Amino acid sequence: MKKAFLNILLITMMLISSVSTAVAASARNMSSVATQSQQAAGSIVVSNVNFNDSTTGSWTQSGGPTLAYVDDGQGGQALSITRSADYEGIQSPTGLLDAGIEYTFSMRAMLAAGGPASTDIRFVVKPNYNWVANTTINATGWTTISGVYTLPAGVDPATAQIYIGSTDQTGPYTILIDDILITRPAAVVTVSSVNFNDSTTGAWTQSGGPTLAYVDDGNGGQALSITRAADYEGIQSPTSLLAAGVEYTFSMRAMLAAGGPASTDIRFVVKPNYNWVANATINATGWTTLSGVYTLPAGVDPATAQIYIGSADQTGPYTILIDDILITTPDTGGGGTGILDSDCSNGYVALTFDDGPYAGQTDHLIAALDAAHLRATFFDWGQHISGNASLVQAQFANGWVGNHSWTHSDMTTLTQEQITTELTDTQNALQAITGQAPVLFRPPYLASNATLKAVEASLGLTEIMADVDSKDWTGASTATIITNVSTARDGATVLMHDNLPTTRAAIPRIADFMTNLKLCPGMINPATGHAVAPPAQVAINTDFENGLDGWVARNAQGTPTVDLTTDQSHSPTHAALVSNRTGQGDGIGHDATGIMKPGTTYIITAWVRMASGSDSIWLSMRRTNAGTDTYDTIG
Ligand code: ZN
């Protein structure tokens, strides 16, 4: 059990007007244990057991086999399993597999000498007893067993478990297994994506003084035409796009416009060091795809780094066409271990979940959001509210609840009277549970018209579409959902759904993406429909006008006393007085366990003064973890 205690340590005397500072609780850092490590670019190790340490790692015994560690003939050890039933051997922990992700399972296996001539062995995934990579083995040597597997729809990932199964023979026999490895593909996080189809350069801006134009890209979209007279003229990314120590993949398509030079070179250039990435020669006969990887050099401040499109000078100005700029980074599957809210310098994103509440789904979604320190807006389907009041309350406790109509019909097919009923019934049902009438409405299917807008206005509802569509409703994989969501930037609303395991599985990595890009979970501003900083929530607010409110003597050296006083006060009449101090650790404190949450930034302000004289005052945080106290000085 972790405990936290906020102390104000009084030393001696002095008037200090206020102490104001921010604390990022670091307990979360310490508790984050990496269970998934990056293996090679493109895949993430989910489980890896080689038995060399004479353990089964995170796997445990299944059934009642006899297990032993034996020489694997290659300098390590293998696991010997003497089994008398097909499920006897070892099994994975539950919850290893996420929905919607294709995993690769592999291991090596062989029969011990003196048993049957051959047998079959496989991975088996409960609760559906799916076989993966069933293979015949014998005693002449190791056989590598490998296959891919995706959890079937409808299976709760929390219950899924893998065991090693083998075919019954006459009587017990012994198999040897080694090098169990389960991996999944790394999802890709989109750092920047510009395709010019909307006749803008997106977050990129003009560099130098080129002539820019949007032209047909020959593929049904648009490309950017850049008529340039200097190598840096074109477009440039925002600064702060790249984080230190991360390998990014840059790509784009480029070609020369007709009538110019026969060929030229083009590349990404990263300031401030003017590093070239993916330099390639292009011509006017067709598109060339440029692609390369890049990591910021040591010592470069990421806040100053900026990417531009550079091209080689020719005799006189000439025109290049570029398209489909894409900058990505692998998702490392870290599981939402970042500290959200600690740095919101790139703004706020509103995560939204439609169509709930769903019994057996929404509670898991909110647990995932809470674990990742994410807050969200839930657009509820009126017919789903009945019997699910506790889920609506949980949504409301996590973030915000909006209206998504009663029957989830296409509102543009209904009369004004029908629409009014749809929206009003949902408003009333939600208000009865949360005490507040929603102020946001998302039209089902994002379909709207003037009649709907009139009803929304009459009910004080702001219509919210979606800036970013996760496309989870199309059956997209978790990896695709992460990739789609990771295009969101400051102010964006992100469309997801309440009831999809694939979406739930994406939550930790959405948190990672937001942490890495210094984006924080926001609320939707009803005035603008865009994501903004949520209002501050008060954790502890004591003016001592109505008692000590949980503040108690904090005794380190002596036994100080704490009383209410009217001798001095900041406002209006009472203050807390700490008396009978004998050392610098004696003061006043408040238990913050369960009040201050890990991963949240707090602003702490107190009015303090000495009764007479002057000296220093400390504000500190005590954390108790497994019986050990740690102190952080805050101010
Ligand atoms: Zn919907």
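Values reported hereafter were calculated over all heavy atoms of this structure, with side chains retained and with hydrogens, waters and symmetry mates removed. Throughout, numbering of the chain's residues begins at 1 and tracks the sequence. Quick caveat, the model's predicted, so the values are computed rather than measured.
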Between I433 and Q393, is a side-chain contact (heavy atoms from CB on, under 4.5 Å) present by the stated rule, with each step listed?
CA-CA 7 Å; I433 295 168; Q393 284 164 350; 3.6 Å; yes

Using the test salt bridge (Lys or Arg N to Asp or Glu O under 4.0 Å), find all partners of D323 that sit at least two apart in sequence or belong to another chain.
R253

Indicate yes or no for a side-chain donor-acceptor contact from N525 to the backbone of A527 under 3.5 Å, with no hydrogens or angles considered.
yes

Between OG of S390 and CG of D363, what distance do you get to the nearest 0.5 Å?
8.0 Å

Starting at CG of L459, measure out to CG of L423 and round the result to the nearest 0.5 Å.
6.0 Å

Mark yes when over 12 heavy atoms from residues, nucleotides or ligands other than K518 sit less than 6.0 Å from its NZ; otherwise mark no.
no

Closer than 3.5 angstrom, by distance alone: can the side chain of Q306 be matched with the main-chain N or O of S237 as a donor-acceptor pair?
yes

How about R489 and N346: do any of their side-chain heavy atoms sit closer than 4.5 Å?
no

Euclidean distance, H530 NE2 relative to T493 OG1, rounded to 0.5 Å:
8.0 Å

Does the side chain of P526 reach to within under 4.5 Å of the side chain of L440, using non-hydrogen atoms?
yes

Without swapping roles, check the side chain of T502 against the backbone of S477 for a donor-acceptor pair under 3.5 Å.
no

Any donor and acceptor pair, going by atom type alone, linking the side chain of S409 with main-chain N or O of M411 inside 3.5 Å?
no

Does any part of the side chain of L391, heavy atoms only, come nearer than 4.5 Å to the side chain of Q395, both counted from C-beta?
no

Between P501 and D156, is any pair of side-chain heavy atoms under 4.5 Å apart?
no

Do D469 and N484 pair up side chain to side chain, a donor and an acceptor below 3.5 Å, judged on atom types alone?
no

Short question: side chain of Y248, backbone of L296 - any donor-acceptor pair under 3.5 Å?
no

Return the CD1 to CD1 distance between I482 and I101, rounded to the nearest 0.5 Å.
6.0 Å

So do the side chains of F378 and L369 get within less than 4.5 Å of each other, counting heavy atoms only?
yes

Can you name the closest pair of heavy atoms from E456 and P443 and give their distance?
OE2-CG, 4.3 Å

Polar side-chain atom of N499 near backbone of Q361 as donor-acceptor pair, under 3.5 Å
no

Test applied, side chain to side chain contact (heavy atoms under 4.5 Å, CB included); reference residue, M496; option that passes from L365, V468, L351, D354:
L351

Check whether any side-chain heavy atom of S225 lies under 4.5 Å from a side-chain heavy atom of L321, and answer yes or no.
yes

Taking atom CG of D410 and atom CG of L414, what is their separation to the nearest 0.5 Å?
7.5 Å

Determine whether a donor-acceptor pair (N or O, by modelled atom type, separation under 3.5 Å) exists between the side chain of N428 and the backbone of T426.
no

Enclosure of D216 CG (heavy-atom neighbours >12, cutoff 6.0 Å)
yes

Residues I385 and L430: closest non-hydrogen pair is CD1-CD2, 3.5 Å

Looking at side-chain heavy atoms only, is the closest gap between P238 and W204 below 4.5 Å?
yes

Heavy-atom nearest pair, T94 first then A158, reads CB-O, 3.5 Å

If we ignore hydrogens and angles and just use 3.5 Å, is the side chain of W400 paired with the main-chain N or O of A376 as donor and acceptor?
no

Are F250 and V293 close enough, and set up right, to give a side-chain contact (heavy atoms from CB on, under 4.5 Å), and what steps lead you there?
CA-CA 6 Å; F250 292 13; V293 298; over 6 Å; no

Quick one: do the T407 and E422 side chains pair a donor with an acceptor below 3.5 Å?
yes

At their closest point, which heavy atom of N403 faces which heavy atom of F379, and how far apart are they?
O-CD2, 3.7 Å

Can a donor-acceptor pair be found between the side chains of Q206 and T201 at a distance below 3.5 Å?
no

Here the pair of heavy atoms bringing A488 nearest to F513 is O-CZ, 3.5 Å

Just do the side-chain contact (heavy atoms from CB on, under 4.5 Å) check on F441 and L452 with the steps written out, would you?
CA-CA 10 Å; F441 177 76; L452 174 58; 3.8 Å; yes

Measure up the Y445 and H408 rings against each other and bin them: parallel (under 30°), tilted (30 to 60°), perpendicular (over 60°).
perpendicular

Just by distance, do the side chain of N197 and the backbone of Q222 share a donor-acceptor pair under 3.5 Å?
yes

Quick check on the 6.0 Å ring-centre criterion: do W551 and H590 meet it?
yes

When you compare the side chains of D355 and H404, does any donor N or O come within less than 3.5 Å of an acceptor on the partner?
yes

May I have the step-by-step check of side-chain contact (heavy atoms from CB on, under 4.5 Å) for I325 and I235, ending in yes or no?
CA-CA 11 Å; I325 296 175; I235 60 172; 3.8 Å; yes

side-chain hydrogen bond (donor to acceptor under 3.5 Å, both in side chains) filter on S470, not counting sequence neighbours, yields D472

Nearest-0.5 Å distance that lies between atom CD in Q383 and atom CH2 in W406:
7.0 Å

With a 4.5 Å heavy-atom cut-off, do L242 and I307 have their side chains touching?
yes

Check for a donor-acceptor pair, side chain of N398 on one end and backbone N or O of L374 on the other, with a separation under 3.5 Å.
yes

Grab the two heavy atoms, one from Y348 and one from A533, that are nearest each other, plus how far apart they are.
CZ-CB, 3.3 Å

